[in-house]
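Take a look at the structure below.
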Amino acid sequence: MAGKKATRLPRATYEEELLRLQTELVKLQEWVRTTGTRLVVIFEGRDAAGKGGTIKRVAEHLNPRVARIAALPKPTERERGQWYFQRYIQHLPAAGEIVLFDRSWYNRAGVEHVMGFCTEEEYQLFLRQCPIFERMLVEDGILLRKYWFSVSDTEQQDRFRRRLEDPLRRWKLSPMDLESISRWEAYSRAKDEMMVHTDITEARWFVVESDDKRRARLNMIAHLLASVPYHEVPPSVLDLPERPASTGYQRPPRDLRTYVPDHAAKL
């Protein structure tokens, strides 16, 4: 169903607050690294709901050795013969790491169920096992945060149309994405059923209204920061050393190397 159109947040306000929140994310990262915390953040929602853009802003200034994005392709033949959660387990964080799941094991409760890529028995088994699996993660000390990005049908269709017309973003659209338009209500029912079974006390779902992408990004990041008891870790004291005196090294002649042409000079 169409939702109420959110008032677009002014760009200047958005960029100022985004920078402040990203600075806090760097502090969160250092706290995670030094304390050995394990943090998992799940991003779910409809196609074109704004998950990818938000993940990009979350990770933009973070160290990829500490914070990484897990965006798994469709399972291989071997993975289809594994326990369903097995392929995701290998991407969970070790001590001092953050993993951002761009879609996750919840594929089974969404696209796989709606599009018939899993059996009804596999779907029902997922709904029973998922809360147990997530409780195990939390009991083992993992901080698990789950965000559902909620976009209205009209806004989703507008975003699809803009992607079709934009050669830089057309790759984001697939036949599967367009199929979701005709299956809007089926996806809605699947989402509702998923939350009934998996919105557990140990790992709650948090819904992000995302018709305005700027508001959605700020709201999600602010909530994540507020939900983790991090504190600023004093940085290491670094002193820039003096450059030592030359020992006679001379650079080889330039004509011995192949240089990239100066394309910028033609602009």
Side-chain angles (χ1 to χ4, degrees), residues 1-11 13-15 17-18 21 41-60 69-75 88 100-118 123 126 145-196 198-199 205-224:
M1 295 298 182
K4 182 180 178 181
K5 188 74 172 181
T7 304
R8 190 170 175 82
L9 193 68
R11 177 175 292 277
T13 302
Y14 162 71
E15 292 181 346
E17 179 62 7
L18 178 62
L21 292 174
V41 187
I42 289 176
F43 296 78
E44 290 286 349
R46 296 180 186 272
D47 298 314
K51 302 180 297 297
T54 304
I55 293 171
K56 179 180 178 181
R57 273 67 181 186
V58 170
E60 188 171 7
I69 300 169
L72 277 61
K74 69 178 186 179
Y88 295 99
L100 311 173
F101 276 96
D102 185 354
R103 296 199 182 278
S104 65
W105 44 85
Y106 282 101
N107 278 338
R108 175 137 296 177
V111 63
E112 289 190 19
H113 172 57
V114 173
M115 300 301 296
F117 297 153
C118 68
Y123 169 66
F126 171 84
R145 301 293 182 268
K146 304 187 303 192
Y147 292 97
W148 177 270
F149 285 71
S150 178
V151 64
S152 65
D153 53 354
T154 53
E155 179 62 24
Q156 183 194 52
Q157 198 151 4
D158 286 346
R159 291 177 185 176
F160 282 164
R161 188 176 295 108
R162 290 195 293 271
R163 288 180 180 182
L164 279 173
E165 297 168 354
D166 186 346
L168 296 180
R169 295 192 296 165
R170 190 181 176 90
W171 64 268
K172 292 185 174 184
L173 274 181
S174 69
M176 193 75 66
D177 297 329
L178 300 180
E179 179 75 17
S180 67
I181 296 175
S182 60
R183 296 177 184 255
W184 178 272
E185 290 192 359
Y187 273 103
S188 295
R189 293 189 183 97
K191 181 261 295 181
D192 293 343
E193 185 74 7
M194 175 194 79
M195 290 196 172
V196 165
T198 62
D199 186 24
W205 274 108
F206 297 101
V207 178
V208 182
E209 295 286 356
S210 63
D211 272 15
D212 181 346
K213 291 183 179 181
R214 295 173 185 172
R215 292 179 186 274
R217 293 164 186 167
L218 299 184
N219 291 342
M220 178 268 149
I221 297 172
H223 182 275
L224 174 63

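Being a predicted model, the structure only gives us computed values, none of them experimental.
- S152 OG to R159 CZ: the interatomic distance, rounded to the nearest 0.5 Å, is 7.5 Å.
- Taken to the nearest 0.5 Å, the CH2 atom of W105 stands 14.0 Å off from the CD atom of E112.
- Using a 4.5 Å heavy-atom threshold, the side chains of L18 and I221 count as touching.
- Side-chain contact check for K191 versus V207: every heavy-atom pair is 4.5 Å or farther apart.
- Within the model, atoms OH of Y187 and NE2 of H113 stand 10.5 Å from one another, a figure rounded to the nearest 0.5 Å.
- For W205 and Y106, the distance between ring centers is under 6.0 angstrom.
- Rounded to the nearest 0.5 angstrom, I181 CD1 and Q156 CD are separated by 6.0 Å.
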Inset, instruction - Start with the C-alpha distance between E17 and L9, add both sets of side-chain angles, then the distance that settles side-chain contact (heavy atoms from CB on, under 4.5 Å), and finish with yes or no. - result: CA-CA 11 Å; E17 179 62 7; L9 193 68; over 6 Å; no
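- In summary, D47 and R103 engage in a salt bridge, as defined by a charged side-chain N under 4.0 Å from a carboxylate O.
- Between F43 and F149, the ring-plane angle classifies as parallel under the 30° and 60° cut-offs.
- With sequence neighbours excluded, no residue forms a side chain to side chain donor-acceptor pair (under 3.5 Å) with R163.
- Between the side chains of S174 and D177, at least one donor-acceptor pair of N or O atoms lies under 3.5 Å.
- Atom CG of N219 is separated from atom CG of L224 by 12.5 Å, given to the nearest 0.5 angstrom.
- For E15 and R217, the salt-bridge test fails: no basic side-chain N is under 4.0 Å from an acidic carboxylate O.
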Inset, instruction - Give the C-alpha distance, both sets of side-chain angles, the deciding distance and a yes or no for salt bridge (charged side-chain N to carboxylate O under 4.0 Å, His left out) between E193 and R108. - result: CA-CA 12 Å; E193 185 74 7; R108 175 137 296 177; over 6 Å; no
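- Smallest separation of non-hydrogen atoms from V58 and M220: CG2-SD, 4.2 Å.
- Looking at E44, its side chain does come within 3.5 Å of a backbone N or O of S104 through a donor-acceptor pair.
- Residues V208 and H223 have side chains not in contact (no heavy-atom distance under 4.5 Å, counting atoms from C-beta outward).
- With salt bridges taken as basic N to acidic carboxylate O contacts below 4.0 Å, none links E165 and R161.
- Residues S188 and R46 have side chains in contact (heavy-atom distance under 4.5 Å, counting atoms from C-beta outward).
- No donor-acceptor distance shorter than 3.5 angstrom exists from the side chain of R214 to the backbone of Y14, with no hydrogens or angles considered.
- Residues T7 and D212 have side chains not in contact (no heavy-atom distance under 4.5 Å, counting atoms from C-beta outward).
- The closest side-chain heavy-atom distance from R162 to D166 is not below 4.5 Å.
- With sequence neighbours left out, F160 forms a ring-ring contact (aromatic ring centres under 6.0 Å, His included) with no residue at all.
- Judged as a salt bridge (charged side-chain N to carboxylate O under 4.0 Å, His left out), and not counting sequence neighbours, E209 has no contacts.
- The two residues A59 and L100 make their nearest non-hydrogen contact at CB-CD1, 4.1 Å.
- With hydrogens and angles disregarded, a donor-acceptor distance shorter than 3.5 Å links the side chain of S210 to the backbone of A49.
- Distance CG/L173 to CG/L164: 5.0 Å, rounded to 0.5 Å.
- No donor-acceptor distance shorter than 3.5 angstrom exists from the side chain of K213 to the backbone of T54, with no hydrogens or angles considered.
- Note on R189 versus D192: no salt bridge recorded, every NZ/NE/NH1/NH2 to OD/OE distance being 4.0 Å or above.
- Within the 4.5 Å cutoff, the side chain of W148 has no heavy atoms near those of the I42 side chain.
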